[in-house]
Number of protein chains: 2
Amino acid sequence: MARPRTFDEERALDAAMHAFWVNGYEATSTQDLCEATGLGRSSIYNTFSSKHDLFRRALARYMETMNAAQIEILEDVERTGIERVRALLARIIEGEFEHREDGHSIGCLTVNTTVELAARDPEAAAMLERDLATRLTMLRTAIRSGQRDGDITAERDAQTLARYVNAVIGGMRISAQGGADRATLEAIADTALDALAAR
Amino acid sequence: MARPRTFDEERALDAAMHAFWVNGYEATSTQDLCEATGLGRSSIYNTFSSKHDLFRRALARYMETMNAAQIEILEDVERTGIERVRALLARIIEGEFEHREDGHSIGCLTVNTTVELAARDPEAAAMLERDLATRLTMLRTAIRSGQRDGDITAERDAQTLARYVNAVIGGMRISAQGGADRATLEAIADTALDALAAR
DNA sequence: CTTGTTTTGTACTGACCTATCTAAAATGAT
DNA sequence: ATCATTTTAGATAGGTCAGTACAAAACAAG
């Protein structure tokens, strides 16, 4: 019994997420967010109560969609453990070339947020910590599966290997943002997998 | 035949560099820079003509000091190739624990700048590109030395391995900023070296 | 001690920042 | 059609931003 919204909240959230993803938190003004979402200031502040709140929701949404895509790869029972990790790295390279702006990779919002905000925004830090934990769990599962099958080395425990793969992913994203081309990223991924292979 | 400066330009530059390093470019205001350096606005604008210019000089200084320290490790003829790379990774871990603020690692200014500015600041991007090239050259040299001695795998070319090590370093710095402790970083480094080892 | 030059502190400028306020517009329920 | 409620647009507020203007202070050279 009141005026209905003329916009889709999730579409607006996606647009805001993209804006933060491309330019970072500080460099994205509320004016930028209005233009990115197509909403007026009132609508934004009415729906998401502040810039910081909107960022939190955008980050949460990014984590959800990203992890949903990665869990499918890492729990794919059709593949062996190491093949799942290889597929994950391939997916990440693909993502770096899907999400570009002016010929540059925009990287990964969680990595970008770790760099920009983790030290001075406890809420963002807590979200990143939880997200890291779930990603490590997914990785550990795939890695343990590979260790059981014998194609991933059993000389290091799954948690260590998971943290290593996670770090390599972060490094690949930085490399992509630094201008690395596809062949370079693929070579990094291939080399990184050498450390996982059973020998 | 005029009033002399009462401050040391290089000390001021170091202080500014540290401020940018901790908080990033956008989140460091000119007021912050005054407080960090102890200079007044006039002195800052008189010496460094703008915030952006000061940032450029701070970044250049960071790159110089960082690369000077790393070249010593990577060209240490007392060590084999792989030991040099191992020493480099150990040095980087050490650095992550030397440079902290409120219990958080402040990471690496070049990585932070790649994330925050590379896409929209062509000058910073050019500096980062040159810096990457010199770091890859240093790494390649050490890696080639290890390949000649037989302790680094010859199955991948030195350039690929250099890019891999560089990516791992970036990933370790992200991990550190994300809260990884020393043992975790050391385990990542050890695992990463498995991909370099001749087998 | 005067003159010329540079540095320095402080006040200021105009733009942009996040966020709010106000009132008109829109719509479902009665 | 009227009412209650919400969304929306636009103006506004108060603060902070990078950068400048200006005059006082500090010093070296003569």
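Numbers restart at 1 for each chain; the letters A, B, ... are given by sequence-line order, proteins then strands.
One interatomic measurement links the two molecules: CZ of F7(A) to C1' of dA9(D), which rounds to 14 Å at whole-angstrom precision. Distance F48(B) CZ to dG19(D) P: 14 Å, rounded to the nearest Å. The distance between atom CG of N46(B) and atom C1' of dT5(C), rounded to the nearest whole Å, is 12 Å. Between R5(B) atom CZ and dA28(D) atom P there is a gap of 15 Å when expressed in whole angstrom units. The CD-C1' distance, from E35(B) to dT16(D), rounds to 13 Å in whole Å. Regarding Y45(A), its OH atom lies at a distance of 17 Å from the P atom of dA13(D), rounded to whole Å. Taking atom CD1 on I44(B) and atom C1' on dT7(C), their separation rounds to 14 Å, with Å as the unit. Distance R3(B) CZ to dA24(D) P: 14 Å, rounded to the nearest Å.
The phosphate of dT8(D) (OP1 or OP2) has a side-chain N or O of S43(A) nearer than 4.0 angstrom. Contact between the side-chain N/O atoms of T6(B) and the OP1/OP2 oxygens of dT7(C) is not found at any separation under 4.0 Å.
Counting atom types as modelled, R41(A) pairs no side-chain N or O with a base atom of dA9(D) as donor and acceptor under 3.5 Å. Put simply, the side chain of S42(B) and the base of dT10(C) share a donor and an acceptor less than 3.5 Å apart.
The backbone N or O of R156(B) lies less than 3.5 Å from no partner atom in the side chain of T160(B), so there is not a single donor-acceptor pair. The closest donor-acceptor contact from the side chain of D76(A) to the backbone of E78(A) lies under 3.5 Å. In this structure a side-chain-to-backbone donor-acceptor pair under 3.5 Å is present from Y164(B) to A192(B).
Across all strands, S29(A) comes closer than 4.0 Å only to sugar-phosphate atoms, never to a base (heavy-atom distances). Using a 4.0 Å heavy-atom cutoff across all strands shown, T28(B) reaches sugar-phosphate atoms only and no base atom.
Side-chain contact check for T137(A) and R140(A): at least one donor-acceptor pair (N or O, by modelled atom type) lies under 3.5 Å. Checking D32(A) against S29(A) by side-chain atom types alone, a donor-acceptor pair falls below 3.5 Å.
Along DNA chain D, the nucleotide nearest to Q31(B) and the one nearest to T47(A) differ in position, and the one closer to the 5' end is contacted by T47(A). Sequence order on DNA chain C of the closest nucleotides to A2(B) and L39(B) puts A2(B) first from the 5' end.
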